[in-house]
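Naming: A, B, ... by sequence-line order, numbering from 1 per chain. Just the heavy atoms: all of them, side chains too, but no hydrogens, waters or symmetry mates, feed the values below.
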Amino acid sequence: MERIQVLVCAGTGCTIGNSGELIEAFEAEIKSLGLDKEISVLRTGCLGLCGVGPNIAIYPDNIIYKTVQVADVKEIVMEHFYKGRPVHRLMLNESDQDTNEVHDINKTQFYAKQKRIALHNCGVIDPENIEEYIAKDGYTALGKVITEMTSQEVVDIMKASGLRGRGGGGFLTGLKWQFALNETSEQKYVICNADEGDPGAFMDRSILEGNPHSVIEAMAIAGYAIQANYGYIYIRAEYPIAVERLENAIKQAKELGLLGDNIFGTDFSFDLEIRLGAGAFVCGEETALIQSIEGERGMPRPKPPFPAHKGVWGKPTIINNVETYANISQIILNGADWFKSIGTETSSGTKVFALGGKITNTGLVEVPMGTTLREIIYEIGGGCPNHKRFKAVQTGGPSGGCLTESQLDTPIGFDELVKLGSMMGSGGMIVLDEDNCMVDVARFYMDFIVDESCGKCSPCRIGTKRMLELLELICNGEGTMETLDELEVLAATIKDTALCGLGQTAPNPVLSTLEQFKEEYIAHIVDKKCPAGVCKALLSYVIDEDKCRKCGLCARKCPTNAISGELGKVPYVIDQEKCIKCGSCVTACPFHVVERK
Amino acid sequence: MKSLEDLKKLREQAQDRMTMRMDEEQKYRVVVGMATCGIAAGARPVLNALVEEVAKTKAPAVVLQTGCIGMCTLEPIVEVFDKNNEKTTYVLVDALKAKEIVEKHILKDEVIDEYTVGKYKK
Ligand SMILES: Cc1cc2nc3c(=O)[nH]c(=O)nc-3n(C[C@H](O)[C@H](O)[C@H](O)COP(=O)(O)O)c2cc1C
């Protein structure tokens with residue numbers, strides 16, 4: 001009889017961290033103690049704390065172990081599973097020092113302020129087993145919708161819930177569905193946007209890896225709501241685990257008749273297929289995505305017509321994001337009022353953020369809208385590691401901007417972030433500390449845009465390239481104050497004239513850093529210094545002649561032979577012409593006399 | 001699957017394997033001491049009997065194990081906690097007594113006085 005279930009995270013992060021071998025090790029160890037009838041080992045989706053993976057969850061104890069290595073397996077099985085003593089050194093749960101009593105996982109700093117709606121079931125169920133999803137009320141919402149409700153009633157619930165699209169734009173989902181329902185057409189389509197191109201964001205991938213049926217069920221509900229019977233999931237081929245789980249989930253749903261003809265014996269039929277993208281950022285833009293599904297090159301077209309009117313194959317189509325879909329069956333089951341009661345007046349529900357950069361707890365967190373940035377970064381995220389000073393947080397990826405210390409008490413919401421010159425975007429949240437150069441950050445995003453611009457319209461194709469060149473000038477210490485003016489003029493022109501959202505928002509990271517960190521730009525231009533010490537052209541390494549002990553270690557480590565001197569006799573000096581600023585001499589010097597200026 | 005009824009049936013079946021991962025908090029927590037002393041005294045069959053009986057009768061309890069409870073001469077020890085964390089401690093439990101604990105205490109809320117530690121000490 002089973003008394004313990006071990007759930008090993010099999011998301012992308014933990015899989016790279018070798019969770020596959022962990023599963024085998026657990027199975028072998030459990031078997032060798034003859035406990036295989038009492039303990040089962042399953043794979044599951046993301047538990048959130050990707051930075052300290054591989055993570056495993058133990059039920060019914062509800063204990064999470066982090067950074068579990070194959071070498072730890074024996075101890076966990078023997079101590080915890082056999083003798084009932086949880087292994088405190090690997091535990092994420094906090095525990096009482098005197099009594100050793102293990103505290104509830106939901107009371108840990110990382111989970112206490114979270115609320116999992118879109119991520120529910122991730123890390124709890126086996127994503128490859130449809131029965132586990134069904135046990136957790138899966139497909140009940142679909143059943144309810146198609147046997148008890150009209151299409152309009154479903155759309156009305158979505159409207160009343162206030163759900164807004166999680167893919168970046170924040171458009172009201174109910175309204176979008178209403179537009180598509182209003183269209184009369186023999187054929188309509190439902191699309192799931194799983195392109196997820198924003199650097200740093202991986203919530204959509206984690207939802208598909210950890211709870212794929214939630215998206216499939218929601219797409220069928222959307223199909224019923226707008227009277228469509230076919231759907232596409234557009235996902236990048238760079239997400240092999242997510243694709244595999246989706247394929248498996250679709251197959252299982254078809255076998256049980258939850259997809260296909262006459263679902264639940266009604267006359268509603270719905271089927272869907274996966275379309276693989278090649279991983280271009282612009283293909284996440286809805287009109288480009290539609291082109292790509294049709295087999296064309298993924299390039300945007302002007303709107304209107306909007307997809308709800310003329311979408312894939314020229315037919316009325318709704319496109320929603322993965323995370324948007326992941327909320328749908330919860331809203332049907334718990335009601336619009338329940339959803340509306342979470343979050344803020346204009347942004348209801350929760351939002352998943354991918355916390356990354358200079359932050360202690362790297363991973364996925366889901367919080368009610370209205371939570372402040374400070375709570376996310378300091379309480380859930382644990383602040384910047386190594387006692388470094390927090391500098392800014394970047395949200396909204398290449399379309400967004402940076403927020404500073406004084407803005408951290410802003411409650412998170414779509415409109416609130418736009419007001420501050422950033423945006424929600426898909427939920428990437430990159431924390432920057434004193435060692436990050438803001439000009440370099442702006443340059444990074446512009447470099448990304450130049451790579452990803454499809455080239456169809458000239459403001460984006462040429463304008464972003466020119467902006468990148470200007471930023472490179474500044475980083476190289478060759479910029480002037482006029483360069484800043486040029487940047488601003490170009491930014492305004494691109495915003496006004498680019499064809500799609502990619503170009504229209506591309507200047508945002510530059511504009512926002514210029515507004516918040518102008519003095520840093522000026523330091524590069526006027527003082528020819530990079531205050532954070534990132535821009536190589538503005539750095540120099542110098543050996544303090546008086547303190548040099550003439551050991552010659554630096555010269556031996558220098559890859560370009562830029563350091564000369566004489567062992568024991570003449571102090572060493574760095575030839576600035578030859579120096580490539582790799583910093584090897586700093587690490588090589590045992591007396592710490594090489595200085596970075 | 002042809003109807004909502006079919007889905008419901010499948011859901012109930014599937015839930016049997018998922019009870020320990022359901023969100024609802026169970027009415028009772030049953031904890032078995034499984035340190036070396038407990039195991040030596042026969043805690044393992046007690047643990048298995050509890051797990052089986054709870055599953056068979058769908059009793060509202062989660063069965064957990066812990067290390068040494070601290071009264072090694074009275075092992076195997078089973079502690080039953082209710083939702084208010086009020087504890088009843090049963091001592092010198094065997095598989096039969098374990099079944100009885102599930103039948104009476106968990107399913108009918110009746111404490112079995114004669115197996116409790118208080119009784120023993122008197
Ligand atoms: C350049 C660009 C990239 C985009 N990438 C994505 C993406 O990766 N995933 C996504 O869901 N939406 C993306 N969008 C937004 C989509 O165009 C669309 O608004 C969204 O999929 C609608 O779904 P929602 O209302 O559920 O958010 C992107 C938009 C632009 C302009």
Side-chain angles (χ1 to χ4, degrees), chain A residues 1-5 7 34-35 37-38 40 42 44 57-63 79-86 100-102 104 116 120-121 123-126 129-140 142-144 146-148 253-260 262-266, chain B residues 1-26 28-40 43-56 61-70 75-79 81 85:
Chain A
M1 194 79 217
E2 208 170 66
R3 61 180 177 83
I4 294 181
Q5 292 179 336
L7 281 97
L35 299 173
K37 293 223 164 50
E38 300 170 30
S40 61
L42 303 165
T44 190
I58 313 293
Y59 288 92
D61 309 57
N62 223 332
I63 286 176
E79 287 297 310
H80 185 165
F81 302 167
Y82 193 75
K83 294 189 187 158
R85 292 191 292 235
N100 264 352
E101 190 197 340
V102 178
D104 186 349
R116 289 183 147 214
H120 94 286
N121 279 350
V124 180
I125 65 166
D126 175 355
N129 184 349
I130 191 171
E131 292 190 8
E132 297 215 338
Y133 180 68
I134 289 174
K136 291 273 195 177
D137 296 328
Y139 290 102
T140 308
L142 176 64
K144 179 173 168 184
I146 63 182
T147 57
E148 293 171 16
K254 282 187 182 169
E255 278 166 9
L256 286 182
L258 294 164
L259 282 178
N262 305 104
I263 300 172
F264 292 121
T266 65
Chain B
M1 195 174 298
K2 283 277 157 278
S3 65
L4 268 183
E5 219 23 64
D6 294 343
L7 179 70
K8 216 171 129 197
K9 256 186 241 149
L10 182 59
R11 180 170 69 226
E12 274 160 18
Q13 266 171 30
Q15 280 175 345
D16 284 348
R17 273 212 71 206
M18 296 276 295
T19 38
M20 56 179 97
R21 282 181 275 153
M22 286 299 171
D23 301 325
E24 308 87 61
E25 205 190 321
Q26 295 287 4
Y28 289 108
R29 263 187 314 134
V30 183
V31 181
V32 188
M34 293 290 287
T36 312
C37 49
I39 294 173
R44 192 154 291 286
V46 169
L47 177 67
N48 287 334
L50 285 169
V51 171
E52 264 166 51
E53 198 60 22
V54 165
K56 202 169 80 195
V62 32
V63 182
L64 299 163
Q65 47 175 359
T66 185
C68 183
I69 291 178
E75 295 276 4
I77 298 176
V78 173
E79 295 172 323
F81 292 86
N85 238 6

Main-chain N/O of A/I134 paired to B/Q15 side chain as donor or acceptor, under 3.5 Å: no
Top contributor to chain B interface from A/E255, A/H80, A/R3, A/K37 [non-hydrogen pairs under 4.5 Å]: A/R3
Rounded distance (nearest 0.5 Å) linking atom CG of B/L7 with atom CG of A/L258: 6.5 Å
Region of A/I130 that comes under 4.5 Å of a non-hydrogen atom in chain B: neither
Under 3.5 Å: donor-acceptor pair, side chain of A/K136, backbone of B/M18: no
Chain A contact via B/L50 - which portion, at a heavy-atom distance below 4.5 Å: neither
Distance, nearest 0.5 Å, that separates CD1 of A/I58 from CG of B/L64: 12.5 Å
Option that, when pairs with chain B are counted at under 4.5 Å, heavy atom only, ranks first among A/V102, A/I146, A/I4, A/N62: A/I4
Region of A/D137 in contact with chain B, defined by heavy-atom distances below 4.5 Å: both
Closest-packed option against chain A by number of heavy-atom pairs under 4.5 Å, given B/E52, B/R44, B/E12: B/R44
Residue part contacting chain B, namely of A/N121, when any heavy atom lies under 4.5 Å: neither
A/I125 versus chain B, the contacting section by heavy-atom distance below 4.5 Å: both
For the student: nearest non-hydrogen atoms of A/T140 and B/R11, plus distance: OG1-NH1, 2.9 Å
Pick from A/K144, A/E131, A/R85, A/E132 with the largest number of heavy-atom pairs that fall under 4.5 Å of chain B: A/E132
A/F264 vs B/M1, side-chain contact (heavy atoms from CB on, under 4.5 Å): CA-CA, chis, key distance, verdict: CA-CA 7 Å; A/F264 292 121; B/M1 195 174 298; 4.0 Å; yes
Full working for side-chain contact (heavy atoms from CB on, under 4.5 Å) between B/R21 and A/T44: CA-CA 12 Å; B/R21 282 181 275 153; A/T44 190; over 6 Å; no
Contacting region of B/I39 [heavy-atom separation from chain A under 4.5 Å]: side chain
Contact origin within A/Y82 toward chain B - heavy atom pairs under 4.5 Å: both
Distance-minimising heavy-atom pair for A/M1 and B/A55: CE-CB, 3.2 Å
Heavy-atom pairs under 4.5 Å with chain A, option from B/L10, B/D16, B/V62, B/V63 with the top count: B/L10
Rounded distance (nearest 0.5 Å) linking atom CG of A/L42 with atom CZ of B/R17: 6.0 Å
Residue part contacting chain B, namely of A/E38, when any heavy atom lies under 4.5 Å: side chain
